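A note on names: the letters A, B, ... follow the listed sequences, proteins ahead of strands, and every chain is numbered from 1. Computed from a predicted structure; not experimentally measured.
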There are 2 protein chains.
Amino acid sequence: MSLGTTIRVTRQRQVLLDELCKLYTHPTADELYQIARKRLPRISLGTVYRNLELMAEHGMIQKLEVGGTQKRFDGNAAPHYHVRCLKCGRLDDLNLPLDLDLDRQAGELTDFTILRHSLEFTGICPACC
Amino acid sequence: MSLGTTIRVTRQRQVLLDELCKLYTHPTADELYQIARKRLPRISLGTVYRNLELMAEHGMIQKLEVGGTQKRFDGNAAPHYHVRCLKCGRLDDLNLPLDLDLDRQAGELTDFTILRHSLEFTGICPACC
DNA sequence: GTGTCTGCAAACCATTTGCATCGGT
DNA sequence: ACCGATGCAAATGGTTTGCAGACAC
């Protein structure tokens, strides 16, 4: 975590944020690395991970804590829901309104202080059948 | 996947299922390995992973696709929701009724065929503050 | 000039897998 | 006896980290 220090505007940072915001595919770190390489051939995977982590900490992007082996990233920082295809792993946004009442209901049933929730649907995408 | 073959009743399988069903902590594979070792000192971590995977495929237990670096397992095979502590990672059951209407609503907003959903709350547990 | 950021390579850690042997049926 | 299951150790794959040089400010 580095919330106390200055964030410098580097070329790598600019390109990563720019490319991530252009995509609606919720790419993995490696997918974004492959894309960024076209503009910055010498960028390293380590830099991609460090910057995605940093930008997520600062609320500029979202690190999605969803199913699957790899983490995915979302240029849209506003909380929203997703659908994942069971067969191909494709992850789409879902236009279902955020249900903030869920947090209140959950809070009444537990001793935890509820901060937020994440909701992910699983299904089969049109391309997979 | 091995849904077409016979499942044998081995001592390792019995112990793992028995111990998992006694716990309400949603252990990781390694935590369950440490517990099982007390009864079967020669059991291997590979066997733990293989059996948890197999039992999940057969619907005897649940593999939880939730946040965090390690997968967690639940001896309760019936779908239900969870709360995770942001600080210590503790994962508790949440007594909120399963909302099956969510799948219907989601289905109307996407081309995916919705099969199920997972809902995880994030908060701070009483022990952490 | 100072302190952050980068590329590179090595390290890490959860999980998976190949293989010879064991054991349930 | 057959074939699935096990223990062991090595391999895998995503992610993190240490370090010396580069760059933003």
Novice: Measuring from the side chain of B:Gln70 (C-beta onward, heavy atoms only), which nucleotide among C:dC8, D:dT16, C:dA14 has the closest atom?
Specialist: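 Comparing C:dC8, D:dT16, C:dA14 against the side chain of B:Gln70, the answer is C:dA14.
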Novice: Write down the distance between CZ (A:Arg42) and C1' (C:dC5), rounded to a whole number of angstrom.
Specialist: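 Result: 15 Å.
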Novice: Does B:Gln12 place a side-chain N or O at less than 4.0 Å from the phosphate oxygens OP1/OP2 of C:dG23?
Specialist: no
Novice: Report the residue (A:Arg8 or A:Thr47) whose heavy-atom-nearest nucleotide on DNA chain C is the more 5′ of the two.
Specialist: A:Arg8
Novice: Within the structure shown, what part of the strands sits under 4.0 Å from A:Asp30 by heavy-atom distance: base, sugar-phosphate, or nothing?
Specialist: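 Since no nucleic acid heavy atom lies under 4.0 Å of A:Asp30, the category is nothing.
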Novice: Of the options D:dC23, D:dG14, C:dG7, whose atoms approach the side-chain atoms of A:Tyr49 most closely?
Specialist: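 Comparing D:dC23, D:dG14, C:dG7 against the side chain of A:Tyr49, the answer is D:dG14.
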Novice: Parallel, tilted or perpendicular, judged at 30° and 60°: which one describes the rings of B:Tyr81 and B:Phe121?
Specialist: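 The arrangement is perpendicular - the two ring planes meet at more than 60°.
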Novice: Nearest-Å distance, CG (A:Leu32) to P (D:dG14)?
Specialist: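 Those two atoms, CG and P, are 15 Å apart.
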Novice: OP1 or OP2 of C:dT6 less than 4.0 angstrom from a side-chain nitrogen or oxygen of A:Arg13, does that happen here?
Specialist: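 The answer is yes; a side-chain N or O of A:Arg13 sits under 4.0 Å from OP1 or OP2.
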Novice: Any carboxylate oxygen within less than 4.0 angstrom of a Lys/Arg side-chain nitrogen, looking at B:Arg39 and B:Asp18?
Specialist: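 Between B:Asp18 and B:Arg39 there is a salt bridge, with a charged N closer than 4.0 Å to a carboxylate O.
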Novice: For C:dT17 and B:Arg50 - does any side-chain N or O of the residue sit under 4.0 Å from the phosphate oxygens OP1/OP2?
Specialist: no
Novice: Hey, are A:Arg72 and A:Asp74 close enough for a salt bridge, meaning a charged N less than 4.0 Å from a carboxylate O?
Specialist: no
Novice: Would you kindly give the CD-to-P distance between A:Gln14 and D:dA24, to the nearest whole Å?
Specialist: 9 Å
Novice: Check every atom of C:dT2, C:dC8, D:dT6 against the side chain of B:Thr10 and return the nucleotide holding the closest atom.
Specialist: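 From the listed options, D:dT6 comes nearest.
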Novice: Mapping A:Leu45 and B:Lys71 onto DNA chain C by nearest heavy atom, which one lands closer to the 5' end?
Specialist: A:Leu45
Novice: What's the spacing between A:Thr47 OG1 and A:Leu16 CG if we round to 0.5 Å?
Specialist: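 Output value for this atom pair is 8.5 Å.
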Novice: Can you tell me the distance, in whole Å, between the CG atom of A:Asn51 and the C1' atom of C:dT4?
Specialist: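 After rounding, the reported distance stands at 11 Å.
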Novice: Would you call A:Lys22 and A:Glu19 a salt bridge, taking side-chain N to carboxylate O under 4.0 Å as the test?
Specialist: yes
Novice: Could you state the atom-to-atom distance from CG of B:Leu54 to P of C:dT17 in whole Å?
Specialist: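 Computing the B:Leu54:CG to C:dT17:P distance gives 14 Å.
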Novice: Quickly work out the B:Glu53 CD to D:dT6 P distance and round it to whole Å.
Specialist: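 Answer to the nearest Å: 14 Å.
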Novice: Nearest of C:dT4, D:dG4, D:dT15 to any side-chain atom of A:Ala29?
Specialist: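 Among the listed nucleotides, the one closest to the side chain of A:Ala29 is D:dT15.
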Novice: What integer distance in Å separates A:His58:NE2 from C:dT4:P?
Specialist: 12 Å
Novice: Measure from OH on B:Tyr33 to C1' on D:dT6 and round the result to the nearest Å.
Specialist: 13 Å
Novice: Looking at A:Arg11, I'd like to know whether one of its side-chain N or O atoms comes within less than 4.0 Å of OP1 or OP2 on C:dC5.
Specialist: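 The answer is no; no side-chain N or O of A:Arg11 sits under 4.0 Å from OP1 or OP2.
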